[in-house]
Amino acid sequence: MKKNLVIFGTRPEAIKMAPLVKAFFNSKEVFETKVCITAQHREMLDQVLSFFEIEPDYDLNLMKPDQNLYTLTADIITSLKPVLEDFKPDYVYVHGDTTTTMAASIASFYSGAKVCHIEAGLRTFNKWSPFPEEVNRSVTGRIADLHFSPTTTSKQNLLNENIDENQVFVTGNTVIDALNFSTEKVNSENYSDSEIENLKMLVQSGKKLILVTGHRRENHGQGFINMCEALKNIAESNPETQIIYPVHLNPNVQKPVYKLLNEIKNIHLIAPLSYPAFVWLMDKSYLIITDSGGVQEEAPSLGKPVLVMRDTTERPEAVEAGTVLLVGTNKEKIISETDKLLNNRELYNKMSLLHNPYGDGNACSKIVKTIANIKQ
Ligand code: UD1
Ligand code: UDP
């Protein structure tokens, strides 16, 4: 029996690890699997756990209001010691590029467990963008024993760093597994969701819906001010559009967004949505403006154009396919590219083609099979 410990801490990690946890639970004859959450996020993490019906075995409950990277990193490493010593996993699974990912990799390496990195090999090659994620995932890549890359591009990035090809597996991104799980559950008989019912009342038919999210640390401060000024301009010059913005709970996001956008008639600032409600809203939207990583991966599968408020992306596949356009946090650029998408049908149609560069929804079963086949 192989002992697995799956560690995560934030909303996107939870969404992308949930289908993997379920896949391991479905292989109980091969694996004993436990889940540890750092709770780097609290409310936004609990929303995901509740939808996917996952009860963690260990909850480190570390989130503090307006936390900083120094204490969060130290707290995660220190708090994981007793968990790793108690369960003694053979394999630890970490995801992506958050502080939880990087700190949990270091702690797991200290424990002697094999570290498996899910969503491995994404790179912008600019250590300040996204900050601190580019360095987090590079450190994790250096530590990991097994790398599960979503695409051949991300695999190649690892090979270029002299990682042994036998340790890298291209699986697709588990976010597509999560998206499929969510769609299936929402469409099942007896499923009811009050958040989706509320959204049905909020979304105005006949109006083009622009969905907005944002949270990146390098955009805090002037970046968010520019973004809010752009959204204000778009809303006021296009009264036939409706902007819905579920605002991330980070106080560095909440403060400028509520201060600058609260009073505008066709902008609706709402609390972060549960995963199925957010997927429902993405599907209803005309276009998405975001700096999120996960949303860039989900949108092509839903055929939605995305303007990404970043100067770099570690997800070039959707840019190459034409669904995603980088606009940075330049106010004029956000306004002009939104304008084009609202008014130029040909361009809109080109950017809203359905395609799946991030996988076929079977990433988790590929990961489970790979680990199951390893001889102890
Ligand atoms: C974190 C990750 C980022 C990831 C993002 C996903 C790091 C350094 N950053 O950024 O890579 O893309 O999550 O959303 O790992 N808060 C709450 N409730 C919550 C969540 C956050 O109140 O459920 C508030 C708290 O005041 C917290 C603050 O937001 O201290 C910042 O959270 P933190 O995880 O440090 O940064 P994020 O911006 O969420
Ligand atoms: N998401 C959600 N509710 C929201 C906004 C986003 O469930 O109100 C989901 C979204 O579908 C995606 C993930 O959260 O899967 C992205 O999280 P975030 O943007 O916070 O982090 P990133 O992907 O940038 O690390």
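Numbering of ligands and ligand atoms starts at 1, following listing order.
Cation-pi geometry between K22 and F52 is not satisfied (NZ or CZ under 6.0 Å from the ring centre, within 45° of the ring normal).
Counting non-hydrogen atoms of neighbouring residues, nucleotides and ligands closer than 6.0 angstrom, the CD atom of E346 reaches no more than 12 such neighbours.
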N/O pairs closer than 3.5 Å, ligand 1 and protein:
from	atom 1	to	atom 2	distance (Å)
ligand 1	11 (O)	E133	OE2	2.5
ligand 1	12 (O)	R216	NH2	3.0
ligand 1	13 (O)	H41	NE2	3.1
ligand 1	14 (O)	H248	NE2	3.0
ligand 1	15 (O)	Q40	NE2	2.8
ligand 1	15 (O)	T99	N	2.8
ligand 1	15 (O)	T99	OG1	3.4
ligand 1	18 (N)	E43	OE1	2.8
ligand 1	23 (O)	R42	N	3.1
ligand 1	23 (O)	E43	N	3.1
ligand 1	23 (O)	E43	OE1	3.2
ligand 1	23 (O)	M44	N	2.9
ligand 1	26 (O)	D66	N	2.8
ligand 1	30 (O)	K64	O	2.6
ligand 1	30 (O)	D66	N	3.0
ligand 1	30 (O)	Q67	N	2.9
ligand 1	32 (O)	Q67	NE2	3.4
ligand 1	34 (O)	Q40	NE2	2.9
ligand 1	34 (O)	H41	NE2	3.3
ligand 1	34 (O)	Q67	NE2	3.3
ligand 1	35 (O)	Q67	NE2	2.9
ligand 1	35 (O)	R217	NH2	3.4
ligand 1	36 (O)	R217	NH1	3.1
ligand 1	38 (O)	N250	ND2	2.9
ligand 1	39 (O)	H41	NE2	2.6
ligand 1	39 (O)	H248	NE2	3.2

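Residue K16 does not touch ligand 2, judged by heavy-atom distances below 4.0 Å. Residue contacts with ligand 2, taken as heavy atom pairs separated by less than 4.0 Å, do not involve M44 at all.
Geometrically, ligand 2 and V175 share no nitrogen or oxygen pair separated by less than 3.5 Å. For ligand 2, the polar-atom distance check against P246 finds no nitrogen or oxygen pair separated by under 3.5 Å. Considering both main-chain and side-chain atoms, R216 comes within under 3.5 Å of ligand 2 through a nitrogen or oxygen pair.
Interface atoms of ligand 2 facing I15, defined by a heavy-atom separation under 4.0 Å, are 7 (O), 9 (C), 13 (C), 14 (O), 15 (O).
Residues E161 and Q156 fail the side-chain proximity criterion, which asks for heavy atoms closer than 4.5 Å.
For atom 23 (O) of ligand 2, the nearest non-hydrogen atom of the protein is G294 N, 2.7 Å. Scanning the protein for heavy atoms near atom 17 (O) of ligand 2, the closest one is R11 NE, 3.6 Å.
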